[in-house]
Number of protein chains: 2
Amino acid sequence: MIDAPDLETRAAPEDHHALRLWLRLLTCCNLIEGEIRGRLRLDFDTTLPRFDLMAQLQRAPKGMKMGELSRRMMVTNGNITGITDQLEKEGLVVRTKVENDRRSSVLKLTPQGRKVFARMARAHENWVKGMFDGLPEDSRDALFKGLGELKLQVVSRRAEDK
Amino acid sequence: MIDAPDLETRAAPEDHHALRLWLRLLTCCNLIEGEIRGRLRLDFDTTLPRFDLMAQLQRAPKGMKMGELSRRMMVTNGNITGITDQLEKEGLVVRTKVENDRRSSVLKLTPQGRKVFARMARAHENWVKGMFDGLPEDSRDALFKGLGELKLQVVSRRAEDK
DNA sequence: TATTGTTATACTCTATAACTATA
DNA sequence: TATAGTTATAGAGTATAACAATA
């Protein structure tokens with residue numbers, strides 16, 4: 001066993017199972033996310049939110065409205081404006097105007113943005129594969145399924161509350 | 001199916017299984033963490049790092065050195081100093097000096113800190129239970145086991161790299 | 001009136017690096 | 001020389017709220 005103190009050590013043996021599960025989930029996520037953030041910074045001098053925004057655009061060849069990005073990334077409009085400003089200054093995305101609604105902007109990757117993102121996405125995928133590929137196939141399947149159920153659970157509770 | 005666009009929509013069907021698994025993990029974690037952060041803010045006017053620090057101290061009746069907190073919370077010494085300053089100002093923790101090493105500080109919860117933390121911890125546990133308890137027992141077990149494997153995997157890779 | 005996006009502001013968290021005091 | 005903690009600094013990310021233009 002590796003001696004790696006971490007957040008999960010905050011759990012006590014008598015704690016409720018759900019709590020221990022949550023702390024383990026959080027620890028895993030933080031470890032992996034930290035690894036990815038660090039590498040994005042080191043190898044590509046960028047951040048996770050910038051990468052996420054570009055990933056969303058990559059999946060939307062016709063571009064995406066800023067409000068839609070805000071919903072998907074679950075941050076406020078103002079934040080999207082800020083991240084977009086940076087990316088546009090670097091020539092990676094571009095705001096375009098739509099015909100029927102002059103309030104809206106549609107964001108698209110520039111050719112340069114597509115090129116840069118392709119390189120980042122390839123590296124990113126390799127990092128992730130490296131971290132997950134040691135897991136037995138059935139564990140991966142079980143995780144995927146369990147997390148799917150968990151997500152539904154959490155999302156539907158949120159919908160109830162509002 | 002609930003229409004809730006989120007980070008996971010960034011995955012494409014052709015993406016590697018590991019990548020889809022990671023995005024789902026990240027989405028779950030962000031949803032739950034956001035919920036907890038929001039409630040900590042609303043109900044107790046505090047933050048997750050502050051709560052985490054107090055949780056660590058709660059588990060260490062004799063207190064804990066700041067360096068140890070830094071390792072467990074995986075942040076730098078300077079950050080621990082900052083969070084500690086806030087909590088000490090609010091009378092929730094206290095720095096104490098140790099006999100044999102005058103450089104070190106040992107942090108402890110004050111009686112007031114223990115009282116406040118107990119209330120927060122109870123509420124926190126209920127939030128978490130509420131989010132996880134809808135999961136079938138075998139799904140929870142599978143998640144716990146799979147995440148344990150994943151954590152080992154990631155931690156040991158980190159150890160190799162350094 | 002409601003919506004889209006922008007701006008201004010403030011705050012938390014974070015890391016880096018230089019520093020003090022002790023060991 | 002090394003370690004424990006502090007300080008100073010800078011930057012990212014976040015939310016809130018007021019705002020302009022448009023629907």
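Note on naming: letters A, B, ... go to the chains in the order of the sequence lines (proteins, then strands), and numbering restarts at 1 for each one. None of these values were measured; they are calculated from a predicted model.
Using a 3.5 Å distance cut-off with no hydrogens or angles, the side chains of B:T27 and B:N30 do not pair a donor with an acceptor. Between the side chains of B:Q58 and B:R114, no donor-acceptor pair is found at a separation under 3.5 Å.
Between the CG atom of A:D101 and the C1' atom of C:dG5 there is a distance of 10 Å, given to the nearest Å. Counting to the nearest Å, the C1' atom of C:dT3 and the CD atom of A:E68 are 15 Å from each other. Rounding to whole angstrom units, CZ of residue B:R102 and P of C:dT20 are separated by 18 Å. As a whole-Å value, the separation of A:L53 CG from D:dA12 P is 15 Å. Between A:K65 atom NZ and C:dG5 atom C1' there is a gap of 11 Å when expressed in whole angstrom units. Taking atom CD of residue A:E99 and atom P of nucleotide D:dA23, one finds them 11 Å apart after rounding to whole Å. Atoms CZ (A:R71) and C1' (C:dT3) sit 11 Å apart, rounded to a whole Å. Across the protein-nucleic acid pair, A:M66 atom CE and C:dT3 atom P stand 18 Å apart, rounded to whole Å.
Between B:E68 and B:K65, none of the side-chain N atoms (NZ, or NE/NH1/NH2) sits under 4.0 Å from a carboxylate O, so this pair counts as no salt bridge.
Residue B:G82 is the one, among A:N100 and B:G82, whose nearest nucleotide of DNA chain D lies closer to the 5' end (criterion: closest heavy atom).
Heavy atoms of other residues, nucleotides or ligands lying less than 6.0 angstrom from NZ of A:K62 number 12 at most. More than 12 non-hydrogen atoms from other residues, nucleotides or ligands lie less than 6.0 angstrom from NZ of B:K97.
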Protein and nucleotides 10-16 of chain C: nitrogen or oxygen contacts under 3.5 angstrom:
| unit_1 | atom_1 | unit_2 | atom_2 | d |
| --- | --- | --- | --- | --- |
| C:dC13 | OP1 | B:T47 | OG1 | 2.3 |
| C:dA15 | OP2 | B:T76 | N | 3.2 |
| C:dA15 | OP2 | B:N79 | OD1 | 2.7 |

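With distances taken from any side-chain atom of B:R103 to the nucleotides C:dT6, C:dT22, D:dG5, the minimum falls on C:dT22.
In this structure, A:R24 is positioned above the aromatic face of B:F144, its NZ or CZ under 6.0 Å from the six-membered ring centre and within 45° of the axis.
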